[in-house]
Amino acid sequence: MEQPMIGILAGMGPRSTSPFLELVLDQCQVQYNAKHDMDYPHIMIYSLPTPFYIDREIDHSRMKDTIIEGLRKLESTGVRIIAMPCNSAHVYYKELKKAISIPLLDIIEETVKCLPNTKQRITVFATETTIKSGLYQKGIISAGHEFIFLEAWQPKINSIITSIKMKKDRDSINSSWKELINEVKGKCVDGIVIACTDLSILSSLNQGLNMYDSSEALAKSLVERYIENK
């Protein structure tokens, strides 16, 4: 019997593609003890360049059309399900989902599922586009948690994202991250949702706070769905 092929629409940003694939492979080991090369899924990866700039407003019409074109191209390869490891792109999720005939996982829904059952004070580290969409805020509050965010944090988050994209000095990036985490801890925040795939590489530097990585949540769900359809 032919094994189902999963699709990953990545490249948003480009340097988040490889880390996400590693998370998917890790989940294969965790969830069904993948060991040999033949144990892993057939995966089609499309690294899609998109018109996103950290320092300017997004042309939403152009961005949405670009992503829809990418999804349809990926669907045409015969994949059975698609994961899109880009939080900002989920601003258009409803329209993107309608544009294809196969399932498209929702990174926000999958991430919120990972939050604790007891009420927590949660913040989100993401691009301005993701924050302005209010999607995570809505999901966090609907799950019974309190959303905490200071506007002063956003420029610092933007700077860290830009530094990662430009492959600047890692020690400097880590230092800026730790300073920001300390500010967050000062506001009695219990946990941080890492809602930007570029930031996933820093999630292990938690300094005592719970980190909920959207990339990891999406990878976990993708492998779960793969197992269901094997």
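A quick note: this is a predicted structure, and the numbers were derived from the prediction, not measured.
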Fill in: Contact summary for Cys196 and Thr127, nearest pair of heavy atoms
SG-CG2, 4.3 Å

Worksheet item: If we only count heavy atoms from C-beta on, is the Ile107 to Met84 side-chain gap below 4.5 Å?
Response: no

Worksheet item: Do Arg121 and His145 have side chains that get closer than 4.5 Å, going by heavy atoms?
Response: no

Worksheet item: Do Ile8 and Leu222 touch side chain to side chain, with heavy atoms closer than 4.5 Å?
Response: yes

Discussion item. Just so I know, are the side chains of Leu199 and Ile194 near enough to count as touching, which here means a heavy-atom distance under 4.5 Å?
Written reply: yes

Worksheet item: Above 12 or not: heavy atoms from other molecules or residues under 6.0 Å from CZ of Arg225?
Response: no

Discussion item. What's the separation between atom CG in Asn229 and atom CD in Gln3, rounded to the nearest 0.5 Å?
Written reply: 10.5 Å

Worksheet item: For residues 100-140, which residue pairs qualify under ring-ring contact (aromatic ring centres under 6.0 Å, His included), counting only residues two or more places apart or in two chains?
Response: Phe125-Trp177

Worksheet item: When rounded to the nearest 0.5 angstrom, what distance separates CG in Leu48 from CG in Leu71?
Response: 8.0 Å

Practice prompt. Sorted by first residue and then second, give each ring-ring contact (aromatic ring centres under 6.0 Å, His included) pair with at least one member in residues 193-230; sequence neighbours left out.
Written response: none

Worksheet item: Mind checking whether Leu115 and Gln120 have side chains closer than 4.5 Å, heavy atoms only?
Response: no

Worksheet item: What side-chain hydrogen bond (donor to acceptor under 3.5 Å, both in side chains) pairs are there with at least one residue in residues 98-107, not counting sequence neighbours?
Response: Glu75-Ser101

Worksheet entry | Heavy-atom pair with the smallest gap, counting every atom of Ile173 and Lys168 | CD1-O, 3.7 Å

Worksheet item: Taking the six-membered ring for Trp, are Trp153 and Phe149 parallel (under 30°), tilted (30 to 60°) or perpendicular (over 60°)?
Response: perpendicular

Practice prompt. Could you please spell out the steps behind the salt bridge (Lys or Arg N to Asp or Glu O under 4.0 Å) verdict for Glu179 and Lys156?
Written response: CA-CA 10 Å; Glu179 288 179 11; Lys156 298 175 183 181; over 6 Å; no

Worksheet, complete the sentence: For residues 15-26, the side-chain hydrogen bond (donor to acceptor under 3.5 Å, both in side chains) pairs (sequence neighbours left out) are Ser16-Thr197

Item to complete: Taking all heavy atoms of Leu96 and all of Ala89, pick out the closest pair and write down the distance.
Response: CD1-O, 3.5 Å

Item to complete: Could you check Asn210, Val124, Val112, Asp213 and say which one makes a side-chain contact (heavy atoms from CB on, under 4.5 Å) with Val193?
Response: Val124

Discussion item. Tell me the closest heavy-atom pair linking Leu105 and Tyr93, and the distance in Å.
Written reply: O-CE1, 3.6 Å

Item to complete: Determine whether Val30 and Phe20 fall in the same hydrophobic cluster, where Ile, Leu, Val, Met, Phe, Trp and Tyr are linked whenever their side-chain heavy atoms lie under 4.5 Å apart.
Response: no

Item to complete: Determine which pairs satisfy side-chain hydrogen bond (donor to acceptor under 3.5 Å, both in side chains) with at least one residue from residues 38-50, sequence neighbours left out, and list them in order.
Response: Gln29-Tyr40

Discussion item. Working note: Ile181 + Leu205, criterion side-chain contact (heavy atoms from CB on, under 4.5 Å); need CA distance, chi angles, decisive distance, verdict.
Written reply: CA-CA 9 Å; Ile181 297 298; Leu205 303 175; over 6 Å; no

Worksheet entry | Full working for side-chain contact (heavy atoms from CB on, under 4.5 Å) between Asp198 and Lys165 | CA-CA 7 Å; Asp198 287 305; Lys165 286 180 178 290; 3.0 Å; yes

Item to complete: Evaluate the criterion side-chain contact (heavy atoms from CB on, under 4.5 Å) for residue pair Ile164 and Leu202; output intermediate values, then yes/no.
Response: CA-CA 10 Å; Ile164 291 170; Leu202 299 172; 3.8 Å; yes

Worksheet entry | Thr129 side chain to Ser88 side chain, donor-acceptor N/O pair below 3.5 angstrom | no

Discussion item. Other residues, nucleotides and ligands only: do more than 12 of their heavy atoms fall within 6.0 Å of NZ on Lys185?
Written reply: yes

Fill in: Ile102 vs Arg80 side-chain heavy atoms within contact, under 4.5 Å
no

Fill in: Glu110 and Lys220 ion-paired at < 4.0 Å
no

Worksheet entry | Value rounded to 0.5 Å, distance of CZ in Phe147 from CD in Gln137 | 4.0 Å

Fill in: Which atom of Val79 lies closest to which atom of Ile82, heavy atoms considered
CG2-CG1, 3.9 Å

Worksheet item: For Lys138, what residues pass the side chain to side chain contact (heavy atoms under 4.5 Å, CB included) criterion, not counting sequence neighbours?
Response: Ser142

Item to complete: For atom CG of Asp169, decide whether the heavy atoms of other residues, nucleotides or ligands shown that lie under 6.0 angstrom number more than 12.
Response: yes

Fill in: Contact check, side chains of Val189 and Ile122, non-hydrogen atoms, under 4.5 Å
no

Item to complete: Using only heavy-atom distances, determine whether the side chains of Thr130 and Asn87 contain a donor-acceptor pair under 3.5 Å.
Response: no

Worksheet item: Atom CD in Glu216, atom OG in Ser203: separation rounded to 0.5 Å?
Response: 7.0 Å

Worksheet, complete the sentence: Heavy-atom closest pair (Ala126 atom, Ile157 atom, distance to 0.1 Å) is O-CG2, 3.5 Å

Discussion item. Do Glu146 and Lys119 have side chains that approach each other closer than 4.5 Å (heavy atoms only, starting at C-beta)?
Written reply: yes

